[in-house]
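Here's the structure we're looking at; comments come further down.
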Amino acid sequence: MVQQITKGIKISVETVFEGTLYKNYKIQFAFGYKIVIENKSKDPVQLLSRHWTILDALNNTETVFGEGVIGKKPILKPGESHTYNSGCLLSSPFGAMFGFYNMVNLSNQKNFQVHIPSFKLNASFALN
């Protein structure tokens with residue numbers, strides 16, 4: 001598990017290799033990840049959008065961005081958390097992801113970014 005705190009918002013990430021599949025006549029490696037967003041600040045906050053960079057061992061890079069997470073824009077009061085699961089497909093059995101969430105402090109209406117720490121995606125069968 002990797003963790004990082006930015007401006008009182010703690011991000012924790014756990015990953016799992018889910019298997020292989022064929023898509024468009026190519027083998028793909030499926031990875032899942034669970035993210036916990038915890039508000040350790042004294043103000044309520046809302047997650048507005050996400051921005052991801054996804055890398056694989058074949059030097060492919062994909063950028064993903066959009067509103068909310070899994071169709072939601074959670075509001076977190078101090079001490080609350082939001083957990084969600086998602087995933088990605090890679091062309092190789094190794095990769096990494098990192099990014100940030102755009103959030104707003106609901107007490108003062110100021111926008112800020114929360115860093116999502118870089119985490120590795122590894123297919124267990126490929127590890128030495």
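Note that the structure is a prediction, hence the values are computed from the model and not measured.
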- Look at the side-chain heavy atoms of Ile, Leu, Val, Met, Phe, Trp and Tyr, link any pair under 4.5 Å apart, and say whether Leu55 and Phe119 land in one connected group. no
- Task: Could you please spell out the steps behind the side-chain contact (heavy atoms from CB on, under 4.5 Å) verdict for Asn85 and Tyr33?
- Result: CA-CA 6 Å; Asn85 294 290; Tyr33 53 88; over 6 Å; no
- Message: Hydrophobic clusters here meaning ILVMFWY residues chained together by side-chain heavy-atom distances under 4.5 Å, can you tell me if Ile116 and Val2 are in one?
- Response: yes
- Task: Report yes if the side chains of Leu90 and Phe31 come closer than 4.5 Å at any heavy-atom pair, otherwise no.
- Result: yes
- Once you round to the nearest 0.5 Å, how far does CE of Met103 lie from CZ of Phe112? 5.0 Å
- Query: side-chain contact (heavy atoms from CB on, under 4.5 Å) between Ser91 and Lys26: does it pass, once the steps are laid out?
  - Reply: CA-CA 8 Å; Ser91 298; Lys26 295 180 186 176; 5.7 Å; no
Result block: side-chain N/O donor-acceptor pairs under 3.5 angstrom for residues 6-24, not counting sequence neighbours:
residue, atom, partner, partner atom, Å
Thr6, OG1, His115, N, 3.4
Ser12, OG, Gln3, NE2, 3.3

- Please name the pair of heavy atoms, one in Leu121 and one in Cys88, separated by the smallest distance, quoted to 0.1 Å. CD1-SG, 3.7 Å
Mind listing the side-chain donor-acceptor pairs of residues 70-77 below 3.5 Å, one per line with the distance, residues two or more places apart or on another chain?
residue, atom, partner, partner atom, Å
Lys73, NZ, Glu67, OE1, 2.9

- Query: Can you list the residues that meet the side-chain hydrogen bond (donor to acceptor under 3.5 Å, both in side chains) rule with Ser81, with sequence neighbours excluded?
  - Reply: none
- Mind listing the closest non-hydrogen atom pair of Tyr101 and Val69 along with its distance? CE2-CG1, 3.7 Å
- Item | Pairs satisfying ring pair (Phe, Tyr, Trp, His ring centres under 6.0 Å), at least one member in residues 62-92, at least two apart | none
- Query: Which ILVMFWY residues can you reach from Phe100 by hopping between side chains whose heavy atoms are under 4.5 Å apart?
  - Reply: none
- Query: Going through the distances and angles, do Val45 and Val104 end up as a side-chain contact (heavy atoms from CB on, under 4.5 Å)?
  - Reply: CA-CA 6 Å; Val45 299; Val104 62; over 6 Å; no
- With side-chain contact (heavy atoms from CB on, under 4.5 Å) as the test, would you mind laying out the steps for Asn111 and Leu48 before giving the verdict? CA-CA 9 Å; Asn111 292 333; Leu48 302 175; 3.9 Å; yes
- Taking every heavy atom of Glu38 against every heavy atom of Val36, the minimum-distance pair comes out as CG-CG1, 3.8 Å
- Task: Enumerate the residue pairs fulfilling side chain to side chain donor-acceptor pair (under 3.5 Å) with a member in residues 39-65, sequence neighbours excluded, ordered by first and then second residue.
- Result: Asn39-Ser41, Asp43-Asn105, Asp43-Ser107, Ser49-Asn102, Asp56-Asn60
